[in-house]
Amino acid sequence: MTEHLPARLGLSQQFDCSYLPDRQEQLLVILDPSCYCPDKFEQLLALGFRRSGDQIYRPHCPVCNACNSVRVLAQQFTPSKSQKRKLNKAKKIFTVSYSDYERAEYYPLYCKYITQRHQDGSMFPPDQNQYESFLFCQWLPVIFIELRDDDKLVAVAVTDCMSNSVSAIYTFFDPDYEQYSIGSIMIMEQIKFAKQQAKQFVYLGYQIDECNKMKYKTQFLPAQKHIGDQWLAI
């Protein structure tokens with residue numbers, strides 16, 4: 001399993017790429033039910049797969065291989081000077097907590113985030129069914145890392161937990177706090193959580209060199225990028 005793909009795979013139809021407008025996207029989908037558990041999913045993460053809702057997939061585009069999975073070496077991570085400044089600024093205002101279940105206040109925050117920040121994206125307009133089918137999972141433990149300003153919920157990082165790693169699924173936050181670099185803060189909180197839980201990796205999903213809004217994923221070092229069949233140092 002760690003070296004070979006499962007026997008039962010599916011291939012999606014081609015559709016317009018969400019990140020490179022001149023490209024077509026296609027997905028390789030895991031169909032083997034035995035793979036839908038934390039241990040085997042963690043092995044698939046190491047092969048460049050990811051989950052969306054309950055489904056495990058990997059880009060398998062006909063003429064493009066721009067998507068590369070990125071993972072941070074959690075135990076070796078040290079914030080840069082710029083990242084330390086962001087953390088110190090955030091510590092004066094915010095508190096961090098963890099939840100192992102979804103709270104009712106998450107969805108209104110998600111709606112505000114999508115409506116104000118991603119009107120040009122596939123998740124606009126926000127929808128309850130789409131929100132649930134995208135973020136949550138029935139076969140995997142999910143931790144919600146919360147950022148609060150006093151009692152006000154500012155951000156949520158949806159985070160999958162496996163025995164040796166965590167996977168950053170999605171972070172949404174109040175756009176009114178954008179000046180605090182909330183996205184970067186939440187990744188560092190996920191790395192901190194991984195360190196506390198003695199996890200080796202934090203998977204950040206796919207990074208595309210040609211997509212400027214994804215370049216932040218290579219700023220948390222040391223890290224590795226999955227290219228071909230190898231994890232190479234960034």
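Hydrogens, waters and symmetry mates are skipped; everything else that's a heavy atom, side chains included, is used.
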CA sep, side-chain torsions, deciding dist, call: V142, T159, side-chain contact (heavy atoms from CB on, under 4.5 Å): CA-CA 6 Å; V142 178; T159 311; 5.9 Å; no

Donor-acceptor contact present, side-chain Y206 to main-chain G48, <3.5 Å: yes

For the student: nearest non-hydrogen atoms of D54 and Q138, plus distance: OD1-N, 2.8 Å

Cation-pi check, R51 onto F49 ring (under 6.0 Å, within 45° of axis): no

Flag, side chain of Q43 to backbone of K40, donor-acceptor distance under 3.5 Å: no

Whether K225 side chain and I234 backbone form a donor-acceptor pair below 3.5 Å: no

Y203 (side chain) donor-acceptor with A168 (main chain) under 3.5 angstrom: no

Q13 CD: over 12 foreign heavy atoms closer than 6.0 Å: no

Heavy-atom pair with the smallest gap, counting every atom of K199 and S163: NZ-O, 3.4 Å

Minimum-distance pair of heavy atoms, taken over all atoms of P62 and Q24: CD-O, 4.2 Å

More than 12 heavy atoms from other groups under 6.0 Å of CG on N88: yes

Side-chain donor/acceptor of S80 to backbone N/O of Q83, under 3.5 Å: yes

Flag, side chain of E25 to backbone of C61, donor-acceptor distance under 3.5 Å: no

Considering all heavy atoms, the nearest L109-F173 contact: CD1-C, 3.8 Å

Side-chain touch Q230/H226, heavy atoms, less than 4.5 angstrom: no

ILVMFWY network linking L47 to L27, side-chain heavy atoms under 4.5 angstrom: no

Q207 side-chain N/O to V70 backbone N/O, donor-acceptor pair under 3.5 Å: no

Check: Q196 and Y98 side chains under 4.5 Å, non-hydrogen atoms: yes

Closest heavy-atom pair and its distance - R23, C64: NH1-SG, 3.1 Å

Parallel, tilted or perpendicular: rings of Y113 and F172 (30°, 60°): tilted

Crowding at CG, N65 (>12 non-hydrogen neighbours, <6.0 Å): no

Heavy-atom pair of closest approach, residues M162 and L45: CE-CD1, 3.3 Å

Neighbour count >12 (heavy atoms, 6.0 Å) for atom NZ, K112: yes

Q26 side chain near P59 side chain, heavy-atom distance below 4.5 Å: no

Ring pair (Phe, Tyr, Trp, His ring centres under 6.0 Å) partner of Y131, the single match among F136, Y106, Y170: F136

Within one Ile-Leu-Val-Met-Phe-Trp-Tyr cluster: F134 and F15, side-chain cutoff 4.5 Å: no

Single-linkage hydrophobic cluster F41~Y57, side-chain heavy atoms < 4.5 angstrom: no

Non-hydrogen side-chain atoms of R58 and L28 separated by less than 4.5 Å: yes

Shared hydrophobic cluster, I56 / L31 (ILVMFWY, side-chain heavy atoms < 4.5 Å): no

Side-chain touch D100/P141, heavy atoms, less than 4.5 angstrom: no

Hphob cluster co-occupancy, V29 + L44, side-chain heavy atoms under 4.5 angstrom: no

Spacing of L204 atom CG and Q219 atom CD [to the nearest 0.5 Å]: 11.0 Å

Heavy-atom donor-acceptor pair, W231 side chain to A46 backbone, under 3.5 Å: yes

Donor-acceptor under 3.5 Å (E189 side chain, E146 main chain): no

Ion pair check, E105 and K152, cut-off under 4.0 Å: no

Check: S165 side chain, F201 main-chain N or O, donor-acceptor pair, under 3.5 Å: no

For N68, the option from L232, I208, I227 that meets side chain to side chain contact (heavy atoms under 4.5 Å, CB included): I227

Parallel, tilted or perpendicular: rings of W139 and Y36 (30°, 60°): perpendicular

Side chains of F193 and V96 in contact at under 4.5 Å (non-hydrogen atoms): no

Y180 six-ring centre to K86 NZ/CZ under 6.0 Å and within 45° of normal: no

